[in-house]
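Only a predicted model underlies this, so the values are computations on that prediction, with no experimental measurement involved.
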Amino acid sequence: MAYSLGIDAGGTYTDSILIRNSDGEVIGSNKSLTTYPDLLDGIMNSIDGLNQEKLKLVTLVSVSTTLATNTILEKTGYPVGLILVGNYEIPEDSEIENCIMVQGGHDSRGDEVAPLDLSAVESFVLGLKGRVSAFAVSSYFSVRNPEHELQIKALIQELTGLPVVCGHELAQALGAYERGVTAYLNAQLLPVAEGFLKTVVCEIERRGLEPRIAMLRCDGSVVSMHEAMRKPIESVFSGPAASLLGASYLSGYETCAVIDVGGTSTDVSLIHRGLPYLSETGAVVGGWQTKVRALRMETSAMGGDSHIWVQASKTNIGPRRVIPLCRAAVLYPSFLSSLKKRWIPDKLKLNEHIQATKFFVRTKQEPVNLTREEKELLALIKNEPLSLKDIYWDRNILPSKKVMDSLIQKRLVQAIGFTPTDALHVLGEYTEWNSEASEIGATLLANFLGTEKQEFCLNVKRLFARNMAKDLISFLMEGVDRNEIEKMLECSLFSRFKVDIPVVLLGGPVRAYIDDLKKVIDAEIIVPEYCKVGNAVGALVGKGTKRVEITVRTTYSESRYDMRTKGVFVYTPLGRRHFVLRSEALEFAEEFGRKLILDYMAESGLSPDQVTVSMEKKDIMVQTGDVPLETRFIFEGISNSDVYEKAVSGHKDLCINHDGIEELT
């Protein structure tokens, strides 16, 4: 009997799950708190909760993680040098450091528009040698001719031996600057991805296992560990992608909407006929527009650990995340007695930090480059939770919100407060931690609003469910302003929004929100078994896919009165090729696209009969009736999932290297 192990390293929890290979049955799962900055303890604790005898029979380990996304959002990526080839318009608010623009690049036909200035590249690279971990390169129209990117890559590797990421290796879509951003972020993530995957590998090897290790990408497909380390940017949003696939697998629906309630955020996405609904423009991460194909998703900063605070008779949820009171009472032995002191701040001074239920505690992070104000405040915060009254008991002024925000952002201080998780503890609908702490907190906040703790928590629950509904409607009604959706919800006292596809809920306490959600949404709402570890399930059930784009472009004479065909170029991920006859170019494009798909899948151990290859063909016309100016082929190969899992368990390397153009010449 063989099994597969799924691991999802999320922001709050690290989930693991065992699935039996023969029939896909889930036979065990476990959750543990994610540990920062070293994820090893969280991964180890999560796996420890599984059946250890069955764990010995694991042949496949597949992982998903929010690590890449969080690294970009928190701006903790490694230093990188970016080389842009051609004449770029760089946004004024660009935060890219160590960047140079050099002469070179190609036009839309793949012809060189200017010779490459390799001397400028060499000077730039030697000046950064020893100060960066990798380089990224993006050349104008490199998707039509990657020659300049490849020349720079070879030079950098000769001069430094450092990794080099080229834009054309990550995306075939037009948009040179966005490809540069994608390459830049990917290069920043290389050491991060390597460290994470090595952590997983070391833990698996420590247990004496020898499985195949794969990773889920943000489009819902899985790749080998080597491919994942080479293109870590493709793992952004792999956590939500895992949720989507897990929800579909656990519910049995190949088409459904998914609401995934995490600790920090609520994510809404859609799966259609077994495949994630992807964004056409590429993933946007931390304000960066990339060319990474990722699922389209609606996200709000409202999760189970979002801070609930009151001000001016209003209940606010989020956007910051805190440790729930109920969990803090378990983590810190003295916390409950501190909470029972019931500090009541001045009602007129209430803000996000000045709350009767807000506490602060130091983390294990070492402070670096602090301002004088930050040093003074940090010195007053201890290893046990303190309220602002405790911190400033002998002072007449409270700390600046900006200074406290900075310490929290630098992960030197962790905040504790009342959360939706606490509200559910008070209502008895979720009782994993210390309910007494939650009840004290609810009483304190309810007193400020002149209500009872039960009614206060019911209102928090209604607000949370309403946000879930707003996220779902906003996703399904793409392009409609969220404020307009909010107005519609306010007017929906005697009406509901009908959704014609099932809505699957994932997350620990999501069952508690079903009734309130149904008051707004008319749909089949499903909470599957193992909804708490849906991400880990999704990490395992992703299919092996490969997508290839090939463009056939016809060139004409320059005379507007004599539009004769001069020739035809075929642009592939490996370079370009010239043809005299368009029919020959089209035939080559179709055959070569399928060949690239099948070659990739063959390295995954799959034969042609185990792969379904689809082809989409789009013509761009100059005038009606003319020969198309451009024909775009999109090939997509999808492995048959029942054989894919067996195939990947026996193959050590799924990576395919298409850095050169030798195969075309």
Side-chain angles (χ1 to χ4, degrees), residues 72 77 80-118 120-121 124-125 134-156 163-189 231 233-234 236 279-294 547-553 555 569-576 620 629-630 632 634 658-661:
I72 295 172
V80 166
L82 174 62
I83 301 166
L84 299 174
V85 183
N87 188 19
Y88 289 75
E89 292 185 7
I90 301 177
E92 292 183 1
D93 59 352
S94 173
E95 298 180 2
I96 294 179
E97 299 178 357
N98 304 321
C99 177
I100 188 175
M101 191 185 305
V102 302
Q103 178 180 284
H106 295 78
D107 60 20
S108 61
R109 295 179 297 187
D111 294 331
E112 185 179 78
V113 296
L116 177 61
D117 188 354
L118 279 175
V121 173
F124 176 74
V125 170
F135 285 88
V137 186
S138 180
S139 177
Y140 218 67
F141 275 110
S142 64
V143 295
R144 297 292 168 85
N145 192 334
E147 180 183 2
H148 285 179
E149 286 188 359
L150 295 173
Q151 288 181 30
I152 293 174
K153 180 174 184 176
L155 176 63
I156 294 174
V164 183
V165 180
C166 294
H168 80 276
E169 297 170 344
L170 299 172
Q172 286 298 299
L174 296 178
Y177 177 72
E178 289 77 12
R179 282 199 310 278
V181 167
T182 307
Y184 177 77
L185 295 176
N186 191 82
Q188 282 191 330
L189 293 169
K231 298 180 179 180
I233 188 66
E234 294 181 349
V236 296
S279 168
E280 293 296 324
T281 58
V284 178
V285 195
W288 297 102
Q289 174 66 63
T290 74
K291 287 296 182 181
V292 176
R293 281 172 54 81
R547 191 173 189 269
V548 171
E549 295 183 16
I550 293 179
T551 299
V552 177
R553 186 176 179 87
T555 59
F569 284 100
V570 179
Y571 304 99
T572 81
L574 308 187
R576 69 171 184 167
I620 299 176
L629 173 66
E630 184 173 293
R632 184 184 180 200
I634 302 175
H658 282 161
D659 289 338
I661 58 172

Check: Has the side chain of Glu149 got a donor or acceptor atom that lies under 3.5 Å from a matching backbone atom of His168?
Finding: yes

Checklist line | side-chain hydrogen bond (donor to acceptor under 3.5 Å, both in side chains) involving Glu97 - partner list, sequence neighbours excluded | finding: none

Expected list for residues 98-106: side-chain donor-acceptor pairs under 3.5 angstrom, two or more places apart:
from: Gln103; atom 1: NE2; to: Pro115; atom 2: O; distance (Å): 3.1

Notebook entry, point to check: Can any side-chain N or O of Glu630 pair as donor or acceptor with the backbone N or O of Ile620 at less than 3.5 Å?
Noted result: no

Check: Just one of Ile550, Val143, Thr551 clears the side chain to side chain contact (heavy atoms under 4.5 Å, CB included) bar with Thr572, so which one?
Finding: Ile550

Next item on the list: Rounded to the nearest 0.5 Å, what's the gap from OG on Ser139 to CD on Glu112? Could you check?
Entry: 9.0 Å

Item checked: Check: Ile83 and Val125 side chains under 4.5 Å, non-hydrogen atoms -> yes

Check: For Arg553, does its backbone N or O pair with a side-chain atom of Arg109 as donor and acceptor, under 3.5 Å?
Finding: no

Next item on the list: Indicate yes or no: at least one non-hydrogen side-chain atom of Leu185 is less than 4.5 angstrom from one of Gln188.
Entry: yes

Next item on the list: Could you grab the distance from atom CD of Glu147 to atom CD1 of Ile152, nearest 0.5 Å is fine?
Entry: 11.0 Å

Margin query: To the nearest 0.5 Å, what is the distance between CG on Leu155 and CG on Leu118?
Written below: 6.0 Å

Next item on the list: Determine whether Glu549 and Arg632 make a side-chain contact, defined as any pair of heavy atoms from C-beta on separated by less than 4.5 Å.
Entry: yes

Checklist line | Set of ring-ring contact (aromatic ring centres under 6.0 Å, His included) partners for Phe124, sequence neighbours left out | finding: none

Next item on the list: Give me the one residue out of Val137, Ile96, Leu189, Leu84 that meets side chain to side chain contact (heavy atoms under 4.5 Å, CB included) with Tyr184.
Entry: Ile96

Check: Ignoring hydrogens and geometry, is there a side-chain-to-backbone donor-acceptor pair from Ser138 to Ala176 under 3.5 Å?
Finding: yes

Checklist line | Lys NZ or Arg CZ of Arg144 over Tyr571 ring: under 6.0 Å, within 45° | finding: yes

Item checked: Atom CG of Asn87 with >12 non-hydrogen neighbours under 6.0 angstrom -> no

Check: Knowing that exactly one of Lys231, Lys153, Arg179 qualifies, which makes a salt bridge (Lys or Arg N to Asp or Glu O under 4.0 Å) with Glu169?
Finding: Lys153

